[in-house]
Amino acid sequence: FKPFIYSAALEKGFTPATVVNDAPFFVPAEKTGSEDWEPKNYDGKYDGPMRVRTALAKSKNLVTVRVLQAIGPRYAQDYIARFGFDPKLHPPYLTMGLGAGSATPMQMAAAYAVFANGGYRIAPFLIARIVDGKGNVLSEAAPEIAGQNAERVIDPRNAFLMTSLLKDVITYGTGARALSLGRHDLAGKTGTTNENVDAWFCGYNAALVGIAWIGFDQPRSL
């Protein structure tokens, strides 16, 4: 989910070269309203000040939290609606930046397609055409097409920069194993939830988006 927070940050004046501190972050219980909150990076390490580009490639949670804090969770909640997410399922708290909301693989596919196609939101469909026994077409999908009848929801410069950032995830970041495919047109993002309950990879090139999710029907650690 991090790329959508970073896309919002680009709209707020951040650049891939903006430096943000990867350092411990703590919110006391009196501010959270429940208990202390101290998010960690996946590897438990902190690397200090780094560029946004590097932070996304290495999926640094603490940088994402600080970016979200800078742009405001309420702004981010409104912004993600551009990608087709339901804001009500992504409460405007700092935890949103770490994927605390709810999304399906189909929703993620539609959302990543916005980056892939240059900034247009398209509606996924499952059934292309229905015909009867005589070959007569009973129903046929009329999908929106990027650049024709689909709505532009982010600036093409934003989509270009996000694709550049997400290619670095594959080149030297958490998605580097995709290099084993021997190709260099891929962009994407890995994702895991607390206790390894879910594992994700959302990837794309200019023509195709693919979403992989691994988990159990009844959530439990992998």
Side-chain angles (χ1 to χ4, degrees), residues 1-14 18 20 25 27 31-35 37 39 52 55-56 59-126 143-144 146 149-163 165-166 169 187-194 197-204 209-213 215 219:
F1 197 77
K2 288 185 180 79
F4 307 107
I5 303 302
Y6 281 74
S7 176
L10 292 178
E11 287 293 309
K12 278 286 195 177
F14 278 69
T18 299
V20 180
F25 188 93
V27 181
K31 288 191 176 181
T32 65
S34 56
E35 56 187 30
W37 186 57
V52 161
L56 183 58
S59 200
K60 290 293 189 176
N61 289 341
L62 282 305
V63 172
T64 304
V65 169
R66 286 185 167 88
V67 168
L68 181 55
Q69 185 180 45
I71 65 174
R74 184 71 65 181
Y75 173 80
Q77 184 192 39
D78 292 339
Y79 185 85
I80 63 170
R82 303 185 188 195
F83 297 89
F85 295 113
D86 182 351
K88 295 193 298 293
L89 299 179
H90 301 269
Y93 304 113
L94 294 179
T95 52
M96 176 175 63
L98 307 184
S102 177
T104 67
M106 181 69 87
Q107 289 171 331
M108 295 298 271
Y112 272 82
V114 176
F115 296 142
N117 66 32
Y120 296 92
R121 189 170 86 193
I122 54 176
F125 62 97
L126 295 174
E144 299 164 322
N149 59 344
E151 177 188 6
R152 181 180 287 284
V153 293
I154 67 172
D155 190 288
R157 294 169 296 183
N158 189 302
F160 174 84
L161 287 174
M162 287 306 306
T163 294
L165 292 173
L166 292 170
V169 174
K189 184 73 183 71
T190 58
T192 56
T193 55
N194 289 342
V197 172
D198 305 273
W200 293 80
F201 179 73
C202 304
Y204 64 92
V209 174
I211 308 297
W213 171 82

Listed partners of Asp86 passing side-chain hydrogen bond (donor to acceptor under 3.5 Å, both in side chains), at least two apart: Lys88
Is Leu56 close to Leu166 at the side-chain level, that is, under 4.5 Å between some pair of heavy atoms? yes
Not counting sequence neighbours, which residues clear side chain to side chain contact (heavy atoms under 4.5 Å, CB included) with Trp37? List them please. Phe25, Val27, Thr32, Pro39, Val65, Leu94, Thr95, Leu98
Rounded at 0.5 Å granularity, tell me how far CD in Glu11 sits from CD1 in Ile71. 10.0 Å
Does the side chain of Trp213 reach to within under 4.5 Å of the side chain of Thr104, using non-hydrogen atoms? no
Qualifying residues under ring-ring contact (aromatic ring centres under 6.0 Å, His included), relative to Phe4, sequence neighbours excluded: Phe1, Phe83, Phe85, Tyr112, Phe115
Sub-3.5 Å donor-acceptor pair from the side chain of Ser7 to the main-chain atoms of Pro3, do we have one? no
Just verifying a value: how many Å separate Tyr93 OH and Gln69 CD, rounded to the nearest 0.5 Å? 15.5 Å
Do any N or O atoms from the side chain of His90 and from the backbone of Ser102 form a donor-acceptor pair under 3.5 angstrom? yes
Derivation and outcome, side chain to side chain contact (heavy atoms under 4.5 Å, CB included), residues Met162 and Ile154: CA-CA 11 Å; Met162 287 306 306; Ile154 67 172; 5.7 Å; no
When rounded to the nearest 0.5 Å, the distance separating CD of Glu144 from CG of Asn117 is 11.0 Å
Could you tell me if the side chain of Tyr6 sits less than 4.5 Å from the side chain of Leu161, heavy atoms only? no
Partners meeting salt bridge (Lys or Arg N to Asp or Glu O under 4.0 Å) with Asp78 (sequence neighbours left out): none
Can you tell me how far apart NZ (Lys12) and OH (Tyr75) are? Round to the nearest 0.5 Å. 5.5 Å
Is the shortest side-chain heavy-atom distance between Met106 and Leu126 below 4.5 Å? yes
List for me each residue that meets ring-ring contact (aromatic ring centres under 6.0 Å, His included) alongside Phe14, sequence neighbours excluded, and say none if there are none. none
Heavy-atom closest contact (Pro143 atom, Asn149 atom, distance): O-ND2, 4.1 Å
Ignoring hydrogens and geometry, is there a side-chain-to-backbone donor-acceptor pair from Thr193 to Asp198 under 3.5 Å? yes
About how many Å separate CE of Met96 and CD1 of Ile5, when rounded to the nearest 0.5 Å? 4.5 Å
Rounded to the nearest 0.5 Å, what separation is found between the CG atom of Asp155 and the CZ atom of Phe160? 12.0 Å
Listed pairs under 3.5 Å, donor-acceptor, residues 118-125 side chains, sequence neighbours left out:
from, atom 1, to, atom 2, distance (Å)
Tyr120, OH, Arg152, NH2, 2.8
Arg121, NH1, Ala81, O, 2.8
Arg121, NH1, Arg82, O, 3.2

Testing the basics here: between Val197 and Pro219, what is the closest heavy-atom pair and its distance to 0.1 Å? CG1-CB, 3.8 Å
Would you say the side chain of Lys2 lies within less than 4.5 Å of the side chain of Val67, judging by non-hydrogen atoms? no
